Amino acid sequence: MTGRVASRLDSSIILNRLVWKYSGHEETFTDPLVDCRECQSRFRADKLKEEYRQLKMAQFHDRVLVVGWGFLERGEMRCPNCGKANWTGVRPFNLMFRTHVGATAEDDPEARVYLRPETAQGIFINFLNILNTSRRKLPFGVAQIGKSFRNEVTPGNFIFRTREFEQMEMEYFVRPGEDEKAHQEWIDACRQWFLDIGISPDNLRLYEQPKEELAHYAKRTVDIQYRFFPEREDEERHWDELMGIANRTDFDLRTHSKKPEDAEGKRLNPDSTEDLSYFDEQTKQRFYPYVIEPAAGVNRTVLALLMDAYSEKTNDKGETRVILKLHHSMAPIKVAVLPLAKNKPEIVGMAKAIKRSLQPIMRAVYDDTGGIGKLYARQDEVGTPFCVTVDHQSLEDEAVTVRDRDTLEQERVKVADLSMHLLQRFSPGS
Ligand code: GAP
């Protein structure tokens, strides 16, 4: 399916307020906040609700459903900071970063803009440009990787939740009626992609969002969750979102178009001057395509890769060292070329020449800043799959030792065969 991606886009980060008004973000992109009246600490009310639910579950030894904010109003939850139970009412807090453009007054609503909280809207508002320039036929996708910004109330857990993060999103446009099948195909393909880059199936699961959790635009959303919090006691709380795959229907293209009307005949978007519909040459019909959106966080993907790859090895002396068992395709350095003796110019020269010869086909580094044990340990720690050692014997037999990070096996390979040998070991299934 990924072969059908038509375009890659790099759209603006600062977008006109109207984009976010009609996308629904101004009204609904919020977290519920509550303040402690005693110590003025501020919390996300939904997080307190989850803690309260856990407490009740432990008390009743059963699953507990907590509805609404009554538990705060009744003082059944104490402030984690001061221990009192005197809360303000819960109010929505919009997560978008607001600023203004041009030399206008700060409070001029005409000048208000937002930093994008998702890359997706940049794709929708450029839909007509993409159609006019690429002339693609449905189904096709438009993908974008870039920074998004959210004024998160509780950033943290290393890079799990930050206020500035990298998203990779695709809007895959299909004919209405073909959306459900395409949605399921993307769910399966995305899960497989995470497995292909080395994430263990034991640490991945699919989460079908219940109706009450669905975003205003979604017909169905399935999250791919990763076991980000294995240290938590309750198994259910190990998991959190790595990626969301939503069926956004035709919501976005309609809401940014000038023509569509609501049930009372009122234009959905009286500010729009464009029509983002699609004319199907096959059926001679004009309609708004449906959209399947696989949306993943780059930072969370990196975190999941690091967590899955992290391993420790303790030697006979009780010393522990880290081995980062990254999937070969994900390792930033593919091979390190190491001279056994850095004071021997012939060995150093040969090692540097080998590194230069490998560089055009894979990321290779040269390092001579320590003894061989230390050099191996350093490469293991950053996840380099192979180390190539040049020793005294190499000067005579034109061969080197190739050491495997994971098995620690060492193999003697002729320098003339080295690049082919390494390429074979990097190929899938080897
Ligand atoms: N366009 C749909 C959308 O933005 P989302 O579930 O809000 O959906 C997609 O975000 C992905 O972006 C999430 O699955 C997560 O990996 C990542 N993400 C969201 N907020 C994040 C944050 N504050 N820090 C790091 N990654 C975040």
Side-chain angles (χ1 to χ4, degrees), residues 9 11 13 15 19-20 22-26 28-31 44 46-47 93-97 114-127 141-173 183 186-187 190-191 193-194 197 199 203-210 213-229 239-253 255-256 290-308:
L9 190 71
S11 68
I13 284 174
L15 286 178
V19 173
W20 306 105
Y22 291 106
S23 69
H25 282 77
E26 261 199 341
T28 63
F29 199 61
T30 56
D31 275 344
R44 261 182 69 175
D46 54 330
K47 298 274 175 204
F93 169 74
N94 197 292
L95 297 181
M96 288 193 292
F97 283 103
Y114 295 102
L115 301 193
R116 65 181 182 201
E118 61 170 18
T119 60
Q121 295 302 321
I123 298 178
F124 297 127
I125 59 169
N126 278 295
F127 183 67
V142 183
Q144 172 157 225
I145 298 181
K147 277 276 161 69
S148 289
F149 304 83
R150 297 183 187 179
N151 196 2
E152 299 284 2
V153 183
T154 48
N157 286 319
F158 189 37
I159 53 170
F160 178 79
R161 181 172 285 109
T162 52
R163 294 194 170 114
E164 179 179 335
F165 58 97
E166 194 90 1
Q167 279 190 317
M168 40 190 179
E169 299 195 291
M170 180 176 33
E171 309 308 319
Y172 190 72
F173 299 98
H183 190 200
W186 275 111
I187 295 165
C190 291
R191 181 177 176 278
W193 183 77
F194 283 112
I197 60 168
I199 308 259
N203 292 333
L204 279 182
R205 74 172 190 185
L206 296 180
Y207 172 76
E208 180 87 37
Q209 285 191 8
E213 258 182 48
L214 287 177
H216 58 283
Y217 52 73
K219 175 173 163 185
R220 179 185 175 215
T221 298
V222 172
D223 290 339
I224 298 182
Q225 295 186 331
Y226 178 76
R227 197 190 293 275
F228 282 109
F229 305 102
W239 304 91
D240 216 320
E241 183 183 333
L242 175 59
M243 175 173 202
I245 305 146
N247 180 345
R248 292 181 80 123
T249 69
D250 55 0
F251 173 87
D252 301 272
L253 292 181
T255 200
H256 292 304
Y290 268 41
V291 176
I292 305 304
E293 179 192 66
V298 175
N299 312 51
R300 285 191 193 175
T301 303
V302 170
L303 181 56
L305 283 170
L306 289 175
M307 287 179 69
D308 250 48

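In each ligand, atom 1 is the first atom listed, and ligand 1 is the first ligand listed. Heavy atoms only: backbone and side chains are in, while hydrogens, waters and symmetry mates are out. This is a predicted model, so every value here is computed, not measured.
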**Prompt:** What about Trp186 and Tyr172, are their ring centers closer than 6.0 Å?
**Reply:** yes
**Request:** Return the orientation label for the Tyr217 and Phe251 ring planes: parallel under 30°, perpendicular over 60°, tilted otherwise.
**Result:** tilted
**Message:** Tell me if the CZ atom of Phe229 is crowded by more than 12 foreign heavy atoms within 6.0 Å.
**Reply:** yes
**Complete:** Residue pairs passing the salt bridge (Lys or Arg N to Asp or Glu O under 4.0 Å) test with at least one member in residues 292-308, sequence neighbours excluded, are Arg248-Glu293
**Request:** List, ordered by chain and residue number, the protein residues whose closest non-hydrogen atom lies under 4.0 Å from any atom of ligand 1.
**Result:** Glu118, Ala120, Arg150, Glu152, Phe160, Arg161, Thr162, Phe165, Gln167, Glu169, Glu241, Leu242, Met243, Gly244, Arg248, Glu293, Ala295, Ala296, Gly297, Arg300
**Item:** Pair Tyr226 and Phe194, ring centroids less than 6.0 Å apart
**Value:** no
**Item:** NZ/NE/NH1/NH2 to OD/OE distance under 4.0 Å, Arg220 and Glu208
**Value:** yes
